[in-house]
S.K.: 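Have a look at this one.
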Amino acid sequence: RSVRSSSLSRETCPMLRSAGSRRARARNPPSIPPPMHPSTFELEPPGETEMARRRDDVLAKGLPWLVATAGAGGAILGYAYANHFRPRPAYRYCLEDSIYLHPRAQHQGVGRLLLTELLARCEAGGARQMLAVIGDADNAPSIGVHQALGFEPSGVLRAAGWKFGRWLDVVLMQRRLGAGENTPPA
């Protein structure tokens, strides 16, 4: 299933595809953002083999990994995926989102498009909670898009990471999916 943003022209409009599609599988997502950005706690950019391993792990769990391209078949603008918050079985209805954008795609609505579709797919798949674990408390764009889509602050892990010669906080945000905690899972 492809999703197109309606606010841009057909040529420049971001297209979303599942990484499980043949076309998306043929193109490993690059390491976006670059490792010099504090929003990722990676110290070195993961290579194509590692990214393919991560993608295959997510897809094997039946969870979504979405790729945004510039128009049909264009350059990769970013990707988003959901994974279990923790590996223990009791966490199976609680997911964590990850969104990475190429610098040229930032502040263009691509992150919102990716997150909106990711939330819809996770809810349709039976997830009840989505967590955002945002590296760097100064990451206003990520915090903002999550707030705009209904996430609420749930905590801050102070000085949880060391990068660029400074301590980085981690912002925790949470959004209920579907019935959330109001009913037992099906």
Side-chain angles (χ1 to χ4, degrees), residues 1 3 5 14 16 18-20 29 31-33 37-42 46 51 54-55 57-68 77-102 105-163 166-186:
R1 171 180 142 172
V3 177
S5 170
L16 297 185
S18 168
S31 299
I32 305 170
H37 196 282
S39 68
T40 174
F41 276 33
E42 303 273 7
M51 291 306 300
R54 292 178 190 186
R55 180 197 58 209
D57 175 65
V58 166
L59 295 174
K61 295 172 185 171
L63 298 170
W65 184 303
L66 305 173
V67 179
L77 301 174
Y79 59 95
Y81 62 91
N83 207 341
H84 296 117
F85 174 61
R86 294 285 182 262
R88 290 179 179 84
Y91 289 111
R92 68 191 174 279
Y93 298 102
C94 182
L95 303 176
E96 177 183 342
D97 71 56
S98 294
I99 305 168
Y100 298 97
L101 300 177
H102 191 282
Q106 294 174 359
H107 311 290
Q108 305 296 316
V110 177
R112 184 182 186 114
L113 183 67
L114 282 163
L115 184 54
T116 299
E117 183 65 15
L118 189 71
L119 291 169
R121 291 187 187 202
C122 290
E123 186 171 328
R128 294 299 188 92
Q129 300 290 328
M130 181 66 78
L131 303 180
V133 180
I134 301 170
D136 194 5
D138 294 333
N139 190 345
S142 184
I143 293 168
V145 74
H146 282 88
Q147 283 179 328
L149 293 176
F151 284 75
E152 296 179 358
S154 51
V156 175
L157 303 175
R158 303 269 179 228
W162 177 261
K163 191 171 178 180
R166 67 182 178 105
W167 290 106
L168 297 173
D169 294 343
V170 171
V171 175
L172 301 174
M173 300 182 80
Q174 185 170 355
R175 180 182 189 267
R176 184 177 83 183
L177 298 177
E181 70 281 2
N182 294 328
T183 63

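The figures here come from the full heavy-atom set of this structure, side chains too, leaving out hydrogens, waters and symmetry mates.
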S.K.: If you look at every heavy atom in Leu16 and Ala68, which pair is closest and at what distance?
M.R.: CD2-CB, 3.4 Å

S.K.: Would you check if the side chain of Asp169 reaches a backbone N or O of Asp136 as a donor-acceptor pair within less than 3.5 Å?
M.R.: no

S.K.: Is Val133 close to Leu172 at the side-chain level, that is, under 4.5 Å between some pair of heavy atoms?
M.R.: yes

S.K.: Are any non-hydrogen side-chain atoms of Ile143 and Ile134 less than 4.5 angstrom apart?
M.R.: yes

S.K.: Closer than 3.5 angstrom, by distance alone: can the side chain of Arg128 be matched with the main-chain N or O of Asn182 as a donor-acceptor pair?
M.R.: no

S.K.: Atom OH in Tyr79, atom CD1 in Ile99: separation rounded to 0.5 Å?
M.R.: 11.5 Å

S.K.: Specify the closest pair of heavy atoms between Leu149 and Arg175, including all atoms of both residues, with the distance to one decimal.
M.R.: O-NE, 2.6 Å

S.K.: Is there side-chain contact between Arg54 and Asn83, with heavy atoms separated by less than 4.5 Å?
M.R.: no

S.K.: Roughly how far, to the nearest 0.5 Å, is the CG atom of Leu66 from the CG atom of Asp97?
M.R.: 11.0 Å

S.K.: Heavy atoms only: give me the nearest Ala82-Leu95 pair and the separation to one decimal.
M.R.: CB-CD1, 4.1 Å

S.K.: Just so I know, are the side chains of Pro141 and Gln106 near enough to count as touching, which here means a heavy-atom distance under 4.5 Å?
M.R.: no

S.K.: Between Pro185 and Arg92, is any pair of side-chain heavy atoms under 4.5 Å apart?
M.R.: no

S.K.: Can you give me the closest heavy-atom contact between Ala105 and Leu77, atom names plus distance?
M.R.: CB-O, 3.5 Å

S.K.: Which heavy atom of Glu123 sits nearest to which heavy atom of Gly178, and what is that distance?
M.R.: CD-N, 3.2 Å

S.K.: Let me know which of Gln129, His146, Glu152 forms a side-chain hydrogen bond (donor to acceptor under 3.5 Å, both in side chains) with Gln174.
M.R.: Gln129

S.K.: Angle class for the Trp65/Tyr81 ring planes (parallel below 30°, perpendicular above 60°, tilted otherwise)?
M.R.: parallel

S.K.: Is there a donor-acceptor pair closer than 3.5 Å between any side-chain N or O of Arg86 and the backbone N or O of Cys94?
M.R.: no

S.K.: What are the two closest non-hydrogen atoms of Leu118 and Pro64, and how far apart are they?
M.R.: CD1-CG, 3.6 Å

S.K.: Starting at CD of Gln147, measure out to OG of Ser142 and round the result to the nearest 0.5 Å.
M.R.: 10.0 Å

S.K.: Rounded to the nearest 0.5 Å, what's the gap from CD on Glu96 to CG on Leu63? Could you check?
M.R.: 12.0 Å

S.K.: Determine whether Leu115 and Phe151 make a side-chain contact, defined as any pair of heavy atoms from C-beta on separated by less than 4.5 Å.
M.R.: yes

